[in-house]
2 protein chains.
Amino acid sequence: MLISIRDVAKEAGVSVSTVSRALNGYDDVNEDTRKRIMDMASKLGYRPSQSARNLSLKKKENVAILISGLGSNSPMDEFTGNVLKGLNSYIQGKDMMIAMYGISSEIQRQLSLKDFCEQYSLSGVILTGLKLGDKYIEEVKNNEIPCVGIDIRLEGNMAASVLTDDVKAFKEITLYAIEKGYKKLVLVKGKDEAEVTIDRYKGFKTAVKEKSISKDNIDILDCKYDEELAYTTVREYIGKYGKSRGRTFICMSDLMAIATVRCIEELSYRVGEDFFVTGFDGIQLLNYIKPKIPTIDQNIIKKGYEGMRLLMDIIKNGKNPGTVYIEHSLINGE
Amino acid sequence: MLISIRDVAKEAGVSVSTVSRALNGYDDVNEDTRKRIMDMASKLGYRPSQSARNLSLKKKENVAILISGLGSNSPMDEFTGNVLKGLNSYIQGKDMMIAMYGISSEIQRQLSLKDFCEQYSLSGVILTGLKLGDKYIEEVKNNEIPCVGIDIRLEGNMAASVLTDDVKAFKEITLYAIEKGYKKLVLVKGKDEAEVTIDRYKGFKTAVKEKSISKDNIDILDCKYDEELAYTTVREYIGKYGKSRGRTFICMSDLMAIATVRCIEELSYRVGEDFFVTGFDGIQLLNYIKPKIPTIDQNIIKKGYEGMRLLMDIIKNGKNPGTVYIEHSLINGE
DNA sequence: CTGAAAGCGCTAACAC
DNA sequence: GTGTTAGCGCTTTCAG
C-alpha cells in the first residue's frame, strides 16, 4: 500500500499540513517537529505523489525535452543522444524527472506548445532538432512557458538558447584550413534552412576576408548536410578539376567531410597531400576515419547540461539568461 | 486559462461525470450526447490533466525507460539512442509520454524499484543497460511492476524481455565466417559478466561443432568488449603468429572487430586476403569502415518499439509475453 | 442514460 | 507553530 502524507501525519501525531510544510522546507515549523516528521516519513518510506502535488500546485515541476525529427526510421543521431546525456547528467541525483517527446511538424500544427505543456503538466521544455520555420519557434515568442532551445535561437520572455558560436567556430576552422591547407578553397555547404548554416557561412566569409582570399579562389558546393549529396557533388568536382582548382575542402559537417575524404581516396588522391579536408561537429565517427581530419568539437553533452541548468533557472528564479554559447574546441588533424 | 472537464460539461449542458464517461469511451452514454460532448471538448480545446487523472485513478499510465550506465561522461552509445528511438516510434501519436531516468547501481541500492515507480507515478518501466548482478534485476522477480528488459533477461510475473537470439545469431555469423574465411579461428570474446556473452559463446560452440573444427584450430582472446584491449590483444596475437595460426577473427562486437581490422592493416596485412574478420551488432560506424565486414544487425530500433508494445500489453491486459526475440539479420561483407 | 457526491494526495489560505 | 479546511481535475459508485 502506498504511504500518504496522512499516514505520516498520524504516526507523527501532527496534521497533514504540518507534514507538508515540514517536508517542503518551510521555516515556520518547529525544528523538533520537523525532525520527528522527517524521521517518520523515511521510516514509513513515504514518497510524495507527484500527481497530487502537481494537481494541487497547478504548477508542475516536470520538464521535458521535445525532439523534432525523431520520426524517421533512421538511427538516432549522435547529437540528440548526447544532448539527452547532458540533460541527464544535470538531473543526476536531483530528484527530478525528464520526459521525452517526439514532436513532428505535424504535431506542432495540431497542438500548440502551450496546450502541449498543459496536457503533460510541463513547467518548461527543452527544444531540439527544430528547423527554421517550425511552428513552436514562433509560439515561444508570445508564450510565458520556460523554454530552452538547443542549437536553435529562441526569442521570448521565458526563452533561452544554448548554442555554439558558429560564426566564431567556423571562422576558426576556416583560418586553420587556410593556414595548413592550400589557398584555393571549396566550401562544402549545408542547407540554408538551418540557422547554423548562416552563421557558419558568416564565419567562413570573415576568415577568407581576413586572409585576403579572393572570390576566384573559392568554390561553393551546396550539399545540404546530405552525405550522399556531398559524395556525388564532390566527386564530380574533383573528377572535373582534379587538383587544378580548390584543394582545401572546408565542410560544414563531419559527415560531409567524411564523404569528401571518401571521394578523394576513391579517385586515388591522398588526403593531406593532394587535398586538405576539415569537418565540423566533432562526431565520434571521426576517430575511426583515417587520416584524422581537423574539426570543431561542439561539446554537445555540455550543451545538454547547460540547457537543463538554464531551464531550471528560468523556472525557479524567473530569470532569463538569453543566449548562452558553449565553448567549442578545435581538434587538430594529423 | 486551462479548460477543465467542468467547462466542457457546462458548455455541453451535461454533468462532469457524463463528460468523463463520454470521453473515456464508456458505452452507457447516449450517442448524441457523446457527440455533443466530443465536439464541445475539441471546440474548447480541452486537454485532460494527466495529474488529476493519475491521482483519481491511482493507476498511472506513465511509463519510463530506466537507463543504467548513463552516468559517465562518454558520448551516448548508439544502442541506447536507438532504443529511445524505437520507444518513441511506438508512442508516436498515441497520446502517451515516456520519461527517462538514469539509474546508477548507486540509485538502485538507495531506492527500490517499487519505490522508484511510486515516487514517479510510473505504471511500468523499460529497463536497459543493466548488468548481471544489478539490484533491479532481482527486484523485478518479486514485484508486480510491469517491466520489460531490453537486452537483459528479466524474470517475474509482470516482467518480459526483448532480446536478440544471441545463440542463433552468433551461430549464424560463425558459420558464415567458417565458410567464407579460413579454418583456423580466433574468437574475440566479450566479458563473461554480460549475459549476451554466454549466449554468443554457445552459438559459437554449436557452429564449430557442426563444422567439425577441432579445439586446436581455435584460439580465444578475452577482450571484454573493450576496444583498446581488443586492439592490443589482437595486435600481440598477430605479431606473434602472423598468418600461421588463426586467420579468421570472429568478434563478439563490431567495435572489437574494428579494432581487429585496425591491427591487421597496421601490420600491413589485408583484411579479406590475409585475414577474415566478422563483427556483431550492426552499428552505423561499420558503414564507414573499409573493407565492409560481415556482421549481425540487431535491429535495435525494433527492440525499442517492441519493448514498448510489450510493456503496454502487460500494463493494460495483464498478459505477459515472456521473452521475445527480435529477428536479426546477417549483413554480408564485401 | 444521466447527475450528485465522495475522494484520490497534496498545498495554501486562514484560524487559533 | 500548528490545525482546519477548501479545493486542484478527474473518475466512479450509487441513485434516480
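None of the values given here were measured: they were computed from a predicted structure. Just so we're on the same page: letters track the sequence lines, and every chain starts at 1.
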Enquirer: Just how far, in rounded Å, is C1' of dG3(D) from CD1 of Ile37(A)?
Expert: 12 Å
Enquirer: Give a yes or no on this: more than 12 heavy atoms of other residues, nucleotides or ligands lie within 6.0 Å of atom CD of Glu155(B).
Expert: no
Enquirer: Say whether Arg36(B) and Asn30(B), considering side chains only, have a donor N or O and an acceptor N or O under 3.5 Å apart.
Expert: no
Enquirer: If the cut-off is 4.0 Å, is Arg34(B) near the phosphate of dC1(C), judged by side-chain N/O to OP1 or OP2?
Expert: no
Enquirer: Are any of the side-chain heavy atoms of Tyr305(B) and Ile301(B) separated by less than 4.5 Å?
Expert: no
Enquirer: Could you run through nucleotides 11-16 of chain D and give me one letter per nucleotide, 5' to 3': B if any protein heavy atom sits under 4.0 Å from the base, S if only the sugar-phosphate is that close, - if neither?
Expert: BBB---
Enquirer: Taking the side chain of Val14(A) as its heavy atoms from C-beta onward, which of dC10(C), dG3(D), dC1(C) lies nearest to it?
Expert: dG3(D)
Enquirer: Please give me the minimum heavy-atom distance between Lys114(B) and Glu139(B), naming the atom from each residue.
Expert: N-OE1, 4.1 Å
Enquirer: Measure the spacing between CD1 of Ile150(B) and CD1 of Ile126(B) and express it to the nearest 0.5 Å.
Expert: 5.0 Å
Enquirer: With heavy atoms under 4.0 Å as the rule, sort Asp28(B) into base, sugar-phosphate or nothing.
Expert: base
Enquirer: Please give, in whole Å, the distance from dG9(D) P to Lys10(B) NZ?
Expert: 12 Å
Enquirer: Once you round it to whole Å, what is the distance between P of dG3(C) and CZ of Arg6(B)?
Expert: 15 Å
Enquirer: Rounded to the nearest Å, what distance is computed from the CD1 atom of residue Ile3(A) to the P atom of nucleotide dC10(C)?
Expert: 10 Å
Enquirer: Could you state the atom-to-atom distance from CZ of Arg36(A) to C1' of dT2(D) in whole Å?
Expert: 11 Å
Enquirer: Tell me the interatomic distance from Asp27(A), atom CG, to dG1(D), atom P, rounded to whole angstroms.
Expert: 9 Å
Enquirer: As a test of understanding, state which of Lys303(A), His328(A), Glu327(A) forms a side chain to side chain donor-acceptor pair (under 3.5 Å) with Thr164(A).
Expert: Lys303(A)
